[in-house]
Amino acid sequence: DGGITQSPKYLFRKEGQNVTLSCEQNLNHDAMYWYRQDPGQGLRLIYYSQIVNDFQKGDIAEGYSVSREKKESFPLTVTSAQKNPTAFYLCASSSWGGVAETQYFGPGTRLLVL
Amino acid sequence: KQEVTQIPAALSVPEGENLVLNCSFTDSAIYNLQWFRQDPGKGLTSLLLIQSSQREQTSGRLNASLDKSSGRSTLYIAASQPGDSATYLCAVKGGQGGSEKLVFGKGTKLTVNP
């Protein structure tokens with residue numbers, strides 16, 4: 001089956017701890033994205049990557065870091081500098097460019113602070 | 001900066017009713033507009049994508065229209081069913097500067113009562 005997988009489904013973070021959220025896709029998409037969703041809010045873009053070994057900050061990148069070493073994978077690290085990390089995190093992928101390209105979303109990871 | 005607004009924030013209707021969800025955006029220089037569905041605790045599923053040169057798209061009981069000059073889109077759901085209960089998100093791609101990023105509204109939470 002083609003699609004996007006995210007793991008874990010739930011993640012707990014202790015004070016001062018860095019945690020990493022996994023995102024993998026087998027859709028052969030060049031572009032990948034990380035979004036944060038808070039209750040009653042739309043999605044806000046954290047980071048995106050158009051191609052391997054390249055990524056760009058989105059609207060709320062502070063306290064987060066990413067890497068793109070493989071086309072299929074785009075892990076997100078929530079660092080201790082992110083003071084309010086509790087949220088639902090969504091990964092997406094798409095072909096890059098074009099007016100008819102949609103983004104495909106993973107099932108999400110819910111991050112909670114202990 | 002592109003801003004997307006969805007009205008109403010929540011809507012409750014009896015089964016079988018036809019309904020309209022509204023989306024407005026501030027910058028009309030878009031590439032496309034998309035409607036997504038999100039079930040509780042899940043990722044997003046693309047419903048319809050309207051390119052900037054198009055006026056509407058249809059899929060089954062769903063019809064989405066786009067009036068780019070006025071910065072508005074509507075999602076029409078015919079003969080609503082309890083299975084349609086979900087949050088519906090509108091997102092636009094593009095705007096001044098030609099951004100490839102999607103900008104999301106906060107969504108409309110729809111409840112269809114049996």
Side-chain angles (χ1 to χ4, degrees), chain A residues 3-10 21 23-25 27 29-51 54-61 87-112, chain B residues 1-10 21 23-26 29-54 57 59 64 66 68 86-95 97-110:
Chain A
I4 301 177
T5 58
Q6 291 186 242
S7 62
K9 187 174 182 178
Y10 295 96
L21 285 62
C23 177
E24 304 274 335
Q25 55 99 0
L27 300 169
H29 285 158
D30 290 313
M32 297 187 74
Y33 312 81
W34 274 106
Y35 294 92
R36 170 180 172 141
Q37 187 176 34
D38 295 282
Q41 301 294 315
L43 276 65
R44 292 184 290 169
L45 184 63
I46 305 172
Y47 269 99
Y48 65 102
S49 169
Q50 301 175 41
I51 197 169
D54 183 57
F55 47 83
Q56 308 293 329
K57 292 182 178 180
D59 300 318
I60 55 166
F88 190 51
Y89 291 85
L90 288 160
C91 179
S93 71
S94 73
S95 300
W96 183 257
V99 297
E101 297 296 337
T102 190
Q103 291 185 14
Y104 295 82
F105 283 80
T109 292
R110 189 166 299 279
L111 177 60
L112 300 167
Chain B
K1 177 184 175 184
Q2 181 74 271
E3 293 182 1
V4 179
T5 302
Q6 291 187 245
I7 295 174
L21 308 181
C23 172
S24 62
F25 47 95
T26 54
I30 62 171
Y31 292 140
N32 64 46
L33 181 143
Q34 300 177 57
W35 284 93
F36 292 89
R37 169 183 172 139
Q38 185 177 31
D39 292 296
K42 306 289 186 183
L44 276 65
T45 301
S46 180
L47 297 173
L48 291 164
L49 182 151
I50 312 175
Q51 297 179 42
S52 61
S53 58
Q54 298 174 326
Q57 284 287 334
S59 176
L66 174 64
K68 201 172 71 164
T87 296
Y88 292 81
L89 293 156
C90 168
V92 297
K93 180 179 181 180
S99 172
E100 289 284 336
K101 297 180 289 184
L102 287 180
V103 178
F104 285 84
K106 294 182 179 181
T108 294
K109 184 177 181 179
L110 173 65

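Note that these values count all heavy atoms, side chains included, but never hydrogens, waters or copies made by symmetry.
Counting heavy-atom pairs closer than 4.5 Å to chain A, the top-ranked of the candidates B:Gly41, B:Ala10, B:Ala9 is B:Gly41.
For B:Leu44, the parts lying near chain A are the backbone and the side chain together; criterion is any non-hydrogen pair under 4.5 Å.
Contacts of residues 41-51 of chain A with chain B at a heavy-atom distance below 4.5 Å involve A:Gln41, A:Gly42, A:Leu43, A:Leu45, A:Tyr48, listed in sequence order. For a heavy-atom cut-off of 4.5 Å, chain B lies close to A:Tyr35, A:Gln37 in residues 29-37 of chain A.
To the nearest 0.5 Å, the span separating CG on B:Leu48 from OG1 on A:Thr102 amounts to 10.0 Å. Rounded to the nearest 0.5 Å, atoms CZ (A:Phe88) and CD (B:Gln38) are 6.5 Å apart.
For the pair B:Asn32 and A:Glu101, the minimum side-chain heavy-atom distance is 4.5 Å or more.
In this model, no donor atom of one side chain and acceptor atom of the other lie less than 3.5 Å apart for B:Ser46 and A:Gln103.
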